[in-house]
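Protein chains get the first letters and strands the later ones, always in sequence-line order, with residue 1 at the start of each.
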There are 2 protein chains.
Amino acid sequence: MSASDITFPTKLGFVLIAHAQAQPRTAYALRKLFETTPVGRFSSSPGSIYPALKKLEAAGLTATKDGLVHATAKGRQALRAWLCEPVTLAEVGRELEITLLRFAFLDLVDDAMLTMRFLTSFRAAVSEQLKQLIAFLQSEGAASMSWHGKLAVESGRIAYEAQLHWADHAISRLKKNAQSKR
Amino acid sequence: MSASDITFPTKLGFVLIAHAQAQPRTAYALRKLFETTPVGRFSSSPGSIYPALKKLEAAGLTATKDGLVHATAKGRQALRAWLCEPVTLAEVGRELEITLLRFAFLDLVDDAMLTMRFLTSFRAAVSEQLKQLIAFLQSEGAASMSWHGKLAVESGRIAYEAQLHWADHAISRLKKNAQSKR
DNA sequence: CCAACCATGTAAGCTGTTACATGATTGA
DNA sequence: TCAATCATGTAACAGCTTACATGGTTGG
């Protein structure tokens, strides 16, 4: 893989850039973050973190000074682009944790409008997933399902409903924030 | 990899065995299941399914007769062992979808006691995750977090709470089922 | 001085996924 | 007949993870 690979960095890479941008840390301290914080369940094992950091540095997205890893301008820009990507149906469907990580890091950008755009696209995606799940529950496919199967799908439904409420809550909170700042 | 690999099959493999056990199907029909059902978001692409089926057959876990894939005794036994594994903290933390898939397929075993055992271990695992998350929210680590970060963790909290309610609901439903069967 | 943690890595492999290819069948 | 769907694959690789290795430092 070349440093100019358009799909670089990986998710783990973005998370590392974000942590480094939030506060420059030693490689070891970055690694420890994955053990102590509950968000973004990547392995904290050295075999995960160190190679990832090496690739980031080779690509010029991070740099190390006095043992501290920090994000370069290029790294910050790449991170920002990633954070600002709209939330898709597929992402909330199979990578919800990543979506929420992106939201968490969005405060590094510190732009209420971007945050609002993120939240509305998040809400729309969750809402659509929920709609499709309900449609499935009412289709013939679900009729033939066992008691267990229906309950399992039900679990997905309540999960999406909870996220929908969360999104509404976050949106109204953001609006209040904006008002109080004025 | 040898056919006697102790960690075989993979998750995708187990899902395929389960579908085949529930109803023998052609490889193509199995593949299509991943497009049409919302549970267990594996890729439906041929590059995923066909190699997986081939490995299962090589390991003697499935067999094809008249074009229909069905689970062998060995396959059913392996599946049962997988389904009966207790739910761990790690599993609900990063593979909740898989956990719920396991629950859904548990009806193939058709043993109310095993289902109950599964649900209670599920409930315990979710409850513990929730406890840890709340502990984190009240720790010094969370105090330094941004508005965004706290909200993101909050989203995890409500997700676990929803699963906890689901577990309670499923457990009481199972008890009712048992009563009405007597 | 010995265990435990700090700190950094490499090698191998697992689990899938994407992209590509191919021929048969069928319906409009 | 021409597109769409059926049906089955291979090759390459992405994105981790686990297991292993290796030395330094520090506290009891």
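- Closest to the B/Ser48 side chain, of the nucleotides C/dT10, D/dG15, C/dG16, is C/dG16.
- No more than 12 heavy-atom neighbours from other residues, nucleotides or ligands sit within 6.0 angstrom of NZ on B/Lys11.
- More than 12 non-hydrogen atoms from other residues, nucleotides or ligands lie less than 6.0 angstrom from CZ of A/Arg157.
- Residue-environment remark: CD (B/Gln77) stays at or below the threshold of 12 foreign heavy atoms within 6.0 Å.
- The interatomic distance linking A/Arg94 (CZ) with C/dT15 (P) rounds to 17 Å, in whole Å.
- Rounded to a whole Å, the NZ atom of B/Lys55 is 13 Å from the P atom of C/dG13.
- Rounded to whole Å, atom C1' of C/dG16 lies 14 Å from atom CG of B/Leu53.
- Residue B/Leu96 is grouped with residue A/Ile158 when hydrophobic side chains (ILVMFWY) are merged at heavy-atom distances under 4.5 angstrom, including chains of intermediate members.
- Just one residue in the list A/Val109, A/Thr115, A/Leu114, A/Asp107 forms a side chain to side chain contact (heavy atoms under 4.5 Å, CB included) with A/Leu83, and that residue is A/Val109.
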Short N/O separations, protein against nucleotides 3-9 of chain D, under 3.5 angstrom:
residue: D/dC6; atom: OP2; partner: B/Tyr28; partner atom: OH; Å: 2.2
residue: D/dC6; atom: O5'; partner: B/Tyr28; partner atom: OH; Å: 3.0
residue: D/dT8; atom: OP2; partner: B/Tyr28; partner atom: N; Å: 3.2
residue: D/dT8; atom: OP2; partner: B/Tyr50; partner atom: OH; Å: 3.2

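- When the C1' atom of C/dC6 is taken as reference, atom CG of A/Leu30 falls 15 Å away, rounded to whole Å.
- For A/Ala71, the side chain to side chain contact (heavy atoms under 4.5 Å, CB included) partners are A/Ile17, A/Gln21, A/Arg76, not counting sequence neighbours.
- Both A/Trp166 and B/Ile134 belong to a common hydrophobic cluster when Ile, Leu, Val, Met, Phe, Trp and Tyr are linked at side-chain heavy-atom distances under 4.5 angstrom.
- For B/Arg25, the CZ atom counts as densely surrounded, since its 6.0 Å shell holds more than 12 non-hydrogen atoms of other residues, nucleotides or ligands.
- Residue A/Glu95 contributes atom CD, which lies 16 Å from atom P of D/dA14 at whole-angstrom precision.
- Remark: C1' of C/dT8 and CZ of A/Phe34 are 16 Å apart, rounded to the nearest angstrom.
- Each end of the helix from C/dC1-D/dG28 to C/dA28-D/dT1 gets its own rotation axis from five pairs of C1' atoms, and the angle between them is 20° to the nearest 10 degrees.
- C/dG16 atom C1' lies 8 Å from atom CG of B/Leu12, rounded to whole Å.
- Distance A/Glu97 CD to D/dG15 P: 18 Å, rounded to the nearest Å.
- Among the atoms of the strands shown, none is found under 4.0 Å from any heavy atom of A/Arg25.
- At a threshold of 4.0 angstrom between heavy atoms, the contacts of B/Ile49 with the nucleic acid are absent.
- For B/Lys54 and B/Glu57, the salt-bridge test fails: no basic side-chain N is under 4.0 Å from an acidic carboxylate O.
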